[in-house]
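Since the model is a prediction, treat every value here as computed from it, not as a measurement.
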Amino acid sequence: MVAQEFKVDLNKPLVYQVGYLGESYQEWVHQPIVSKEGPRFFESDFWEFLTRTVWWAIPVIWLPVVCWAISKSIQMGVSLPHIAFLVVCGIFLWTLIEYSLHRWLFHIDTKSYWGNTIHYLLHGCHHKHPMDGLRLVFPPTATAILLFPFWNLVKLMSTPTTTPALFGGGLLGYVIYDCTHYYVHHGQPTSKVPKDLKKYHLNHHFRIQDKGFGITSSFWDKVFGTLPATKTAGKICQSKRYLPG
């Protein structure tokens, strides 16, 4: 009963409030607030700083790592055609990871205090404030931590000489994903492909949030049967103006 009556104060740091919503959290977090100004997460300026990232930091920080990883395989004698193949395979592997994380982790149903809190930090904040430009890409500190299990995953799938190039391709896929994600929220595409991609993703935010988990493409949505219908039923919220066309 207490959780149902709890009201979030948007003028105060949110992270330690959302857990008290209990079973009401999922309904609250999927009612987007359309504003380019994001909320404050923490009282601490240090922790607050770690949650905000400009989009261009992603390619600036990670593309040199991509180049370093690919160069390691080249130094170990892997041919350039093989390198190109491995990079493409890495990008493809990332698209599956992208879809899997978005569908089965970022959209997990939570209702406990810590479950709600962790979900809000991972992805709930993005659905509540989808136009927050400083929380659209993944913080580099968190990415650096997650690269260790990703490296070990790639090692299981490849040889010592091909692991760096495959890893580099996967990391390149991540960079493409994060930059694409920022663009579909804040870019103004004029050609058909990016315009359709923007509409596809914002449809996930503002119309039907349990389908359309792909960001860079709808490929895995087609494979796993989560492709939204062409005409989505349900009420279209006031944020429709952000959908192109």
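Transitive grouping of hydrophobic side chains (ILVMFWY, heavy atoms separated by less than 4.5 Å) keeps Phe85 and Leu96 in distinct clusters. Tracing side-chain contacts under 4.5 Å through hydrophobic residues (I, L, V, M, F, W, Y), one never reaches Phe138 starting from Phe49; they form parts of separate clusters. Trp62 and Trp68 fall into different hydrophobic clusters, where Ile, Leu, Val, Met, Phe, Trp and Tyr residues are linked whenever their side-chain heavy atoms come under 4.5 Å apart, directly or through other members.
For Glu37, the CD atom counts as loosely surrounded, since its 6.0 Å shell holds 12 or fewer non-hydrogen atoms of other residues, nucleotides or ligands. Heavy-atom neighbours of Lys211 NZ from other residues, nucleotides or ligands within 6.0 Å: above the threshold of 12.
No close placement of the His102 and His181 rings is indicated, their centers lying 6.0 Å or farther apart. A centroid separation of less than 6.0 Å is found between the aromatic rings of Phe92 and Trp220. Ring pair Tyr25/His119: centre-to-centre distance below 6.0 Å. Here Phe224 and Trp104 bring their ring centres to under 6.0 angstrom of each other. Proximity of the aromatic rings of Tyr120 and Phe41 is defined here by a centroid distance below 6.0 angstrom, and this criterion is met.
Using a 4.5 Å heavy-atom cutoff, the side chains of Asp132 and Pro39 are in contact.
Test Tyr99, Phe213, Phe106 against His204 for ring pair (Phe, Tyr, Trp, His ring centres under 6.0 Å) and you get one pass: Phe213.
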For the pair Tyr182 and Asp178, evaluate side-chain hydrogen bond (donor to acceptor under 3.5 Å, both in side chains) and give the outcome as yes or no after the intermediate values. CA-CA 6 Å; Tyr182 185 89; Asp178 241 356; over 6 Å; no

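Salt-bridge check for Glu48 with Arg135: passed, with a basic side-chain N closer than 4.0 Å to an acidic carboxylate O.
Put simply, the side chain of Asn116 gets close to the backbone of Gly22: a donor and an acceptor are under 3.5 Å apart.
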